[in-house]
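Structure first, then comments.
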Protein chains: 2
Amino acid sequence: MASTSLPDIHSHPMIRKLESVFTLSDDEKGAILNLPMQVVDIRPDQDIVREGDSPSRSCLVLDGFACTYKITGEGRRQIVAFNIVGDIPDLQSLHLRMLDNSIGTLSPCTVGFIPHDALRTLCERHPRIASALWRSTLVDAAIFREWMTSIGRREAYSRIAHLLCEMLVRLNAVEKAEGHTCDLPITQAEFGDALGLSTVHVNRIFQDLRADGLIRTKGTQLTVPDWDRLQEAGEFDRSYLHLERQNFRL
Amino acid sequence: MASTSLPDIHSHPMIRKLESVFTLSDDEKGAILNLPMQVVDIRPDQDIVREGDSPSRSCLVLDGFACTYKITGEGRRQIVAFNIVGDIPDLQSLHLRMLDNSIGTLSPCTVGFIPHDALRTLCERHPRIASALWRSTLVDAAIFREWMTSIGRREAYSRIAHLLCEMLVRLNAVEKAEGHTCDLPITQAEFGDALGLSTVHVNRIFQDLRADGLIRTKGTQLTVPDWDRLQEAGEFDRSYLHLERQNFRL
DNA sequence: CCCGCGTATTGATCCATGTTAACGCCCGGC
DNA sequence: GCCGGGCGTTAACATGGATCAATACGCGGG
């Protein structure tokens, strides 16, 4: 599969992501740019891969919002992660035969499928890239731990505040937010599925957050007028995101 | 630091764990056996490492039960993982500068501290071991996802049933259970902290599970008289544990 | 054999959040 | 400009689980 060439080197989301940890050599950058990648556009609310699949490739989110989720025996959905540009939400399938979760789009998405063979070769030849990819799966795990803590031990108000803080910081890190404003094409029902709350309750709390002046929304756009108070409300401390070399205005 | 030599090759928990995925060469086994390891006994309810630490070594659980946890701003505890023999609960610190969680003992524990240097060298020289360690952090993440789903979307009864199934399967995998019986030195308060429930409610549900004939307890010992029904009650499907080559009686 | 302490158990009451069911708004398609 | 569907909003009511406060049990130490 030929790779669709991207405008310039720094716009490759994988390079951008890895460079947030350390500087890549030209050789390493070249190896990434030469990865075979099948680029596909996907409509909203479509599954990219399904629980039980044994994919032979992983998907890199090039644009849009996706989510990782599981469905309960009773048919209830738990979203365990929101995936944004640069994320490789099923990188785990490189080492685990069977997917234990599904991944679906929330908004229109562009994703790049990269064969496992190519990734394995990349890792063998470039140990630093292998480490960086390992690291990125460890950051994902850190986010899981934080979400678990939110869902298990924080009340709805701070749970939502926390998630909004996280999304804003992560989107800033990939330049998909301008300061305290970002586009967040996530419905209240989807927030509920991520936070273990009902849609109705999410709605109630959103109104409280607005009334308290912590957030403002306009369509899918979120603005945070009082970043400090939102962080307090959510007990948000970004260190679990393990961001390094970030150029935050936040 | 000299390694305390262990009885025989197969009793090294790390070898046993890695061999559950693929067969190690003698060379690989030797490298693991030669890892420098400081062996320490730790009393119950002691922290092994704390959130915010930047350790230069990782700890391998050699015996006993430990847990990974976070404390909320309001001082509430969320246990995000139970650690048993063979687990390396802070392996992540090999690639992430700062720990985003604490790890503490539940029962008396023996742990082995292995310097990061030694682990990094091991990974460089033995790529298959590196992959296996990466894999094991991915399995940990899969367990996080499953717990999140339980906490977010399952009611208390099936949440507890699910966790008991998981512990029994994991303990069987490391030969720390005999069929449907195992020693589980975890208090009801600790179960509560792991499941996002109050101690009182955990107690009530345990009584329901006993009354329904799904479990029996005697001190810290758990017996599951009806494995099928317990699995149903917890919607338990072990595939997320990604066990391979297991010799289950279960 | 008794004491003391951590853990399990119980009962009463409260409340955060779920459920159900309308209704309304906005936006894209025709 | 109207229609339809998804999403947000509201209200009334139900409930799982939290909290608080005793009380009981089991076990190691003296």
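Just so it is clear, the structure is predicted and the values come from calculations on it, not from any experiment. Below, chain A is the first sequence line, B the second, and so on; all start at residue 1. The analysis underlying the following values was restricted to heavy atoms, covering all of them including side chains, and did not include hydrogens, waters or symmetry mates.
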Can you tell me if CZ on A:Arg50 sees more than 12 non-hydrogen neighbours from other groups inside 6.0 Å?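 No.
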
Who passes side-chain contact (heavy atoms from CB on, under 4.5 Å) against [X], sequence neighbours left out?
X	result
A:Arg210	A:Gln188, A:Phe206, A:Gln207, A:Ile215, A:Thr217
B:Arg77	B:Cys67, B:Tyr69, B:Ile71, B:Ile79, B:Glu190, B:Asp193
B:Val224	B:Leu168, B:His180, B:Leu222, B:Trp227, B:Leu230

Go through the side-chain N and O atoms of [X] and [Y] and say whether any donor and acceptor fall under 3.5 Å apart.
X	Y	value
B:Thr105	B:Asp45	no
B:Asp47	B:Ser102	no
B:Glu146	B:His162	yes
B:Tyr240	A:Asn101	no
A:Arg154	B:Gln78	no

Near-strand residues of residues 196-205 of chain A, defined as heavy-atom separation under 4.0 angstrom from DNA chain C: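 Listed by number, they are A:Gly196, A:Leu197, A:Ser198, A:Val200, A:His201, A:Arg204.
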
In residues 68-77 of chain A, what residues come within less than 4.0 Å of DNA chain C, judged by heavy atoms? A:Arg76

From C-beta outward on B:Glu155, which listed nucleotide comes closest to its side chain: D:dT9, C:dT9, D:dG17?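 The answer is D:dG17.
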
For the pair made of [atom1] in [X] and [atom2] in [N], what is the distance, rounded to whole Å?
X	N	atom1	atom2	result
A:Ile186	D:dG8	CD1	P	11 Å
B:Leu195	D:dA18	CG	C1'	15 Å
A:Ile151	C:dT17	CD1	P	13 Å
A:Arg159	C:dA16	CZ	P	13 Å
B:Gln207	D:dG17	CD	P	15 Å
A:Asp208	C:dT17	CG	P	11 Å
A:Gln221	C:dC27	CD	P	13 Å
A:Asp193	C:dT17	CG	P	16 Å

Below 4.0 angstrom, N of the basic side chain to O of the carboxylate: do [X] and [Y] qualify?
X	Y	result
B:Arg238	A:Asp100	no
B:Lys70	B:Glu51	no
A:Asp183	A:Lys218	no

Ignoring backbone atoms, test whether B:Arg154 places a side-chain nitrogen or oxygen under 4.0 Å from the OP1 or OP2 oxygen of D:dG17.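 No, because none of the side-chain N or O atoms of B:Arg154 sits under 4.0 Å from OP1 or OP2 of D:dG17.
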
Verify the contact: side-chain N or O of B:Gln188 to OP1 or OP2 of C:dT9, cut-off strictly under 4.0 Å; return yes or no.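 True: B:Gln188 side-chain N/O within range (under 4.0 Å) of C:dT9 OP1/OP2.
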
When all nucleic acid strands are considered with a 4.0 Å heavy-atom cut-off, which category describes A:Arg153: base, sugar-phosphate, or nothing?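 Nothing: the residue A:Arg153, judged by heavy atoms under 4.0 Å, touches no strand.
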
Output one line per pair: protein atom, nucleotide atom from nucleotides 27-30 of chain D, and distance, for all N/O pairs under 3.5 Å.
none

